[in-house]
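Right, one structure below, let's go through it.
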Amino acid sequence: MKELSLSCCLILYTFFGFSQNLDSLLTEARTIKDDSVKIRMYNKIGFSYIFNDTDKALDVIKEGKQLANNANFKFGLTELTNTHGIYMDVTGKSDSAAYYFEKALKMSREYNFDNIESMCLNNLGMFNWNRGNYNDALDYFFQSLKMDEARDSERSTSASLNNIGLIYQEMNLAEKALTYHKKALEVRKKYNLENEQIASYNNIGINLKDLGRLDEAIATYKTGIALAEKKNNLIDYYRLLDNLANAYYVKGNTDLALSTYLKALDKPQNFKADEKSILALYNNIATLYNERNEPKKALSYINKGFTLVDKYPEIELVATDLYLSSAEAHYMLNNYDKARASKHKFISLKDSIFSENNAKAIADMEIKYETEKKEKEILIQRAELAERDLIIQERNYQIFGLIALAIILGILGYLIYKQQELKNRQLQKENELKDALLKIETQNRLQEQRLRISRDLHDNIGAQLTFIISSIDNLKYGFDIKDEKLKTKLNNISDFTSGTIYELRDTIWAMNKNEITFEDLQTRITNYIEKAHLSDANIEFEFSVDERVDTSKKFTSVEGMNIYRIIQEAIHNSLKYANASKIEVNVHKDLSNLVFKITDDGIGFKTEEIVRGNGLNNMEKRAKEIEGEFIVKSKENEGTSVKLTI
């Protein structure tokens, strides 16, 4: 379990309880006369908004930074800069998050703000940890630890010691992890930090189990359970029970494992927990009943698991192993059709992790929205035609009325017409309102689907790719590999996996947005050029945007992603093949069109003779997807230019 820095925890504790009153707190803050109090209030409100309303969070943070600048309040400005980094991290803008964290760290050191410096170091540690940069994360946590030791703040060292242990734990260095978790436990015992001790017992037990020291692990879990029971800490109590059951299972004590799993499942009604987290517990219990040759009991828990999947369809991928347990139980009961169906579902879910089903779900959602919109327009047109027919019919009745009453009927007809016109206007407004509500509802569903998909991509695929990199690093450092070809192969796999993580991050960045601003795209291109320059410092890069370009322009997520990918591929090709000394990226306006041009002064090639590879074909395909014009020009020894016009 990762731990926030102490100051972050205090803010969370103090302000999350007021999440419903943040607007009123902001109004109150604006009336405060004391600048320092007002600015620190802005920082806390902005932090709380990050987890409630990200758009408002950014506005509040920027407003607070402006106030701090005007008042020359360095402490408040440094705090807000760090909070700005947290906002960027939470909203998926990782490059910008690192920039603000490092800027806040530099400011805190310049002005000797020790508390903020420690907070920044912890945030940078968390930032790198979450991205699998374990060595960088360790460096920041060790810096934080040294700061606390230098300030004689022994109590504060427990968080850094614990986080260092957790990183070693994720790197599969259980012995090192155990050393730091035990140090953290000693500090927590000394200062009677009992809830933190519970977390330490859990972490120590996990590493002891990984080292095969099962009896010690079981004893440690039991100590943590007793303390959690004493503190009425139900969350950690049930987490420790689950881990204790796992240890019993690994040791071969299946009876104790089963009874402990069942105890972990027996939660009081007033205990509020994430219902979806019980899925793994159901599967563990079902697995044990299958091993005990009690498939009917296993199926009762499997069915409970499937009930959760029906209730929360987004966890179906997590339920993959449940289908395997279901297949085993049905085979044992000779229900071969059901067993095969469960097995096929298991295989299908395994395959779908790397399929394009998620992208298809978004496309289906958009098609459904467009269909509903057109059907709504047809219904409105039919209603208007029916109303017009009614008006014509009423007028015909008036014409064939009694001549003696012509004036009276004319007046009545006029009144009816005006009344109908009023009804038409009311009906039109109601239809417009319904259409707007339908559009908002559909957009919300689409955004929720995108967020679920991006979380699945990040939590499942991102974690697996990070694990691959970590495993390869462990192989390289854990074994004396003398075969150079094998070393090269492992390095290639690691580099390819790292590249895939960056590609995945870019995809999640685009999926989380309904639209991409020109400023977002410009920042993304700048960051890529900076990385490219780091890879080859001998090449001069230049990125320019013509002043006539409308920087307020917005793109759809598909347009923004394709433009970025085309520019990325063009720069990559220049770096790889052109032998260039200078690469330029220019954005300018041509009549009503926006033109992105990438040029280099490299060796060039004959366009009529070159065999088009995947790179050029992919760029051309992306340009067609956004109805853009894609042109490649090149001459030998005169360089190459790639132009995208949209």
Side-chain angles (χ1 to χ4, degrees), residues 2-9 11 39-40 42-44 46-47 50 54 57-58 60-62 64-66 68-69 72-148 150-151 156 159-160 163-164 167 466 498 501-502 505-506 508-509 519-520 522-535 537 541 543:
K2 300 180 182 179
E3 297 186 358
L4 291 168
S5 63
L6 180 59
S7 54
C8 286
C9 290
I11 295 172
I39 292 164
R40 298 207 68 189
Y42 265 84
N43 180 61
K44 294 175 182 179
F47 183 90
I50 290 172
T54 53
L58 185 58
V60 172
I61 291 167
K62 286 183 175 179
K65 289 173 76 175
Q66 185 62 50
N69 265 320
N72 197 29
F73 183 39
K74 302 297 185 184
F75 187 89
L77 182 60
T78 308
E79 269 193 326
L80 282 157
T81 302
N82 180 62
T83 304
H84 202 161
I86 296 171
Y87 165 82
M88 290 297 181
D89 198 17
V90 169
T91 55
K93 303 180 179 81
S94 57
D95 292 337
S96 298
Y99 166 78
Y100 285 110
F101 285 145
E102 288 167 359
K103 185 176 180 180
L105 179 61
K106 182 179 179 182
M107 293 169 67
S108 64
R109 286 173 172 171
E110 181 179 354
Y111 302 117
N112 296 317
F113 299 144
D114 290 345
N115 289 337
I116 302 179
E117 181 180 353
S118 179
M119 190 191 310
C120 293
L121 288 170
N122 270 297
N123 286 337
L124 281 164
M126 291 289 179
F127 174 84
N128 283 282
W129 181 1
N130 290 331
R131 283 149 188 82
N133 303 326
Y134 297 135
N135 289 332
D136 291 337
L138 280 172
D139 180 55
Y140 284 116
F141 285 135
F142 273 120
Q143 287 185 56
S144 177
L145 179 62
K146 288 178 182 177
M147 272 197 67
D148 291 333
R151 292 186 300 165
S156 301
S160 296
N163 287 334
I164 292 168
I167 291 180
T466 300
S498 298
I501 291 175
Y502 284 115
R505 183 182 64 194
D506 290 335
I508 293 173
W509 164 72
E519 183 181 5
D520 283 341
Q522 186 176 357
T523 301
R524 209 76 182 173
I525 295 169
T526 301
N527 289 339
Y528 180 74
I529 288 174
E530 288 176 356
K531 289 178 183 176
H533 185 60
L534 288 174
S535 68
F541 288 87
F543 178 37

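Applying the side-chain contact (heavy atoms from CB on, under 4.5 Å) rule to Lys62 yields the partners Leu58; only residues at least two apart in sequence or on another chain are considered. For the side-chain contact (heavy atoms from CB on, under 4.5 Å) test, residues two or more places apart in sequence or in another chain that qualify with Gln66 are Asn70. Shown here are the ring pair (Phe, Tyr, Trp, His ring centres under 6.0 Å) partners of Phe113, two or more places apart in sequence or in another chain: Phe75, Tyr111. Evaluation of the side-chain contact (heavy atoms from CB on, under 4.5 Å) rule for Tyr528 yields Tyr564, Gln568, Ile571, His572 as partners, not counting sequence neighbours. For Asn135, the side chain to side chain donor-acceptor pair (under 3.5 Å) test picks out no residue, with sequence neighbours left out. In this view, Asp136 and Asn128, Asn133 satisfy the side-chain contact (heavy atoms from CB on, under 4.5 Å) rule, not counting sequence neighbours. By the side chain to side chain donor-acceptor pair (under 3.5 Å) test, Tyr42 is found to be paired with Arg30, Glu63, residues two or more places apart in sequence or in another chain being considered. Remark: Thr78 engages no residue in a side chain to side chain donor-acceptor pair (under 3.5 Å) (not counting sequence neighbours). Checked against ring pair (Phe, Tyr, Trp, His ring centres under 6.0 Å), Tyr100 has the following partners two or more places apart in sequence or in another chain: His84.
Sorted by first and then second residue, the salt bridge (charged side-chain N to carboxylate O under 4.0 Å, His left out) pairs involving residues 106-125 (not counting sequence neighbours) are Arg109-Glu117. Listed by first and then second residue, the salt bridge (charged side-chain N to carboxylate O under 4.0 Å, His left out) pairs that reach into residues 119-130 come to none, sequence neighbours excluded.
No donor-acceptor pair under 3.5 Å is formed between the side chain of Ser118 and the backbone N or O of Asn115.
Looking only at atom types and distance, the side chain of Thr54 has no donor-acceptor partner in the side chain of Thr91 under 3.5 Å away.
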